[in-house]
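These notes concern the structure reproduced below.
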Amino acid sequence: MIRWLQHEAGEGRFHSRFFRNDENEDELIVYANSNNPDFRECAEKAVEAFNNLSEPVINEICQKLISCAQEGDGLNDGFELPALDDPLAILNDCWFMALYVDMESKDDKIAYAVEGEGDWGENIGFVISNDRVVYVGAEYLEHMENAR
């Protein structure tokens, strides 16, 4: 359920079931294109899908986040990626702030981008479309089909 902060701007907050923000809390921001008459329904669908990502999809995101941390041109030269026994452990070194709805109508496939940052000093995000990982990396917004 989204708590709309600025309805006319398409901005709200929601609770994430899995990913955390920079304060290690579960509240993230959602942005939807308020010029779209279906923006509230699109946002609700995207948040519901995000909160119900399957374990294999979450593992894929985490594996790709690990690759980003290993290859990243981050600003934090002192960051060293620790040995990770479990791919989910990368989430200790990154956090997420916002979900951008990437749908033009309520009948579109569910698509969104999630924005965050890694301790290695790089903005990081991922794009999901139809419950599939489309992209994980620093240029996540460029991989949205309906960017506003």
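Counting begins at 1 with the first residue of the sequence. The analysis underlying the following values was restricted to heavy atoms, covering all of them including side chains, and did not include hydrogens, waters or symmetry mates.
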Fill in: Within 6.0 angstrom of Arg13 CZ, more than 12 heavy atoms from elsewhere
yes
Discussion item. Counting C-beta onward and ignoring hydrogens, is there a side-chain heavy-atom pair between Asp93 and Pro82 closer than 4.5 Å?
Written reply: yes
Worksheet item: Say you draw a straight line from CG of Leu53 to CZ of Arg17; how long is it, rounded to the nearest 0.5 Å?
Response: 10.5 Å
Item to complete: Count the heavy atoms belonging to other residues, nucleotides or ligands that lie under 6.0 Å from CD of Glu48, then report whether that count exceeds 12.
Response: no
Item to complete: Answer yes or no: is there a side-chain heavy-atom contact under 4.5 Å between Ile128 and Val57?
Response: yes
Worksheet item: Between CZ of Phe19 and SG of Cys62, what distance do you get to the nearest 0.5 Å?
Response: 5.5 Å
Worksheet item: If two hydrophobic side chains count as joined below 4.5 Å and joins carry through other members, does Ile2 share a cluster with Phe96?
Response: yes
Worksheet item: Atom CE of Met144 and atom CG of Asp102: how far apart are they, to the nearest 0.5 Å?
Response: 4.0 Å
Worksheet item: Taking side chain as C-beta onward, heavy atoms only, is Ile66 less than 4.5 Å from Pro87?
Response: yes
Discussion item. Can you tell me how the ring of Phe50 sits relative to the ring of Tyr112, calling it parallel under 30°, perpendicular over 60° and tilted otherwise?
Written reply: perpendicular
Discussion item. Minimum heavy-atom separation for Cys42 and Met103, please, with both atom names.
Written reply: O-SD, 3.8 Å
Worksheet item: Rounded to the nearest 0.5 Å, what separation is found between the CG atom of Asn123 and the OH atom of Tyr140?
Response: 5.0 Å
Worksheet item: How close do Ala69 and Ile90 get, heavy atom to heavy atom, and via which atoms?
Response: CB-CD1, 4.3 Å
Fill in: Cluster link Tyr135 to Met97, ILVMFWY, side chain under 4.5 Å
no
Worksheet item: Given side chains that start at C-beta, do those of Ile61 and Phe18 come closer than 4.5 Å, heavy atoms only?
Response: no
Practice prompt. State the CD-CZ distance between Glu11 and Arg3, to the nearest 0.5 angstrom.
Written response: 10.5 Å
Fill in: Close side-chain approach of Leu81 to Gln70, heavy-atom, < 4.5 Å
yes
Worksheet entry | Asn92 vs Leu84 side-chain heavy atoms within contact, under 4.5 Å | no
Item to complete: Quick one: sort the Trp120 and Phe79 rings into parallel, tilted or perpendicular, breaks at 30° and 60°.
Response: tilted
Discussion item. Just checking Asn130: does its CG atom have more than 12 heavy atoms from other residues, nucleotides or ligands closer to it than 6.0 angstrom?
Written reply: yes
Worksheet item: Any ion pair linking Arg40 and Glu44 (charged N to carboxylate O, less than 4.0 Å)?
Response: no
Item to complete: May I ask you to check whether over 12 heavy atoms, not counting those of Lys64, lie within 6.0 Å of atom NZ?
Response: yes
Item to complete: Starting from the C-alpha separation in whole Å, work towards a yes-or-no answer on side-chain contact (heavy atoms from CB on, under 4.5 Å) for Leu99 and Leu28.
Response: CA-CA 7 Å; Leu99 181 149; Leu28 278 65; 5.7 Å; no
Worksheet item: So which of Val30, Ile110, Asn146 actually passes side-chain contact (heavy atoms from CB on, under 4.5 Å) with Val101?
Response: Val30
Item to complete: Taking all non-hydrogen atoms of both residues into account, name the closest pair between Gly118 and Ile124 and its distance.
Response: N-CG2, 3.9 Å
Item to complete: Could you grab the distance from atom CG of Asn21 to atom CD of Glu117, nearest 0.5 Å is fine?
Response: 12.5 Å
Worksheet item: Hey, mind stepping through Phe39 and Asn33 against side-chain contact (heavy atoms from CB on, under 4.5 Å) and telling me if it holds?
Response: CA-CA 6 Å; Phe39 82 92; Asn33 182 353; 5.5 Å; no
Worksheet item: When clusters are formed by joining ILVMFWY residues with side-chain heavy atoms under 4.5 Å apart, either directly or through shared neighbours, do Leu65 and Trp95 land in the same one?
Response: no
Response to the item:
When every non-hydrogen atom of Asp26 is compared with those of Arg20, the smallest separation belongs to CB-NH1, 3.0 Å
Worksheet item: Do you know the tightest heavy-atom contact between Phe14 and Met1?
Response: CB-O, 3.9 Å
Worksheet item: For the hydrophobic clusters of this structure (ILVMFWY residues joined by side-chain heavy atoms under 4.5 Å, transitively), does one cluster hold both Leu141 and Ile29?
Response: yes
Worksheet item: How about Cys68 and Val136: do any of their side-chain heavy atoms sit closer than 4.5 Å?
Response: yes
Worksheet item: How close do Tyr31 and Ala98 get, heavy atom to heavy atom, and via which atoms?
Response: CE1-CB, 3.7 Å
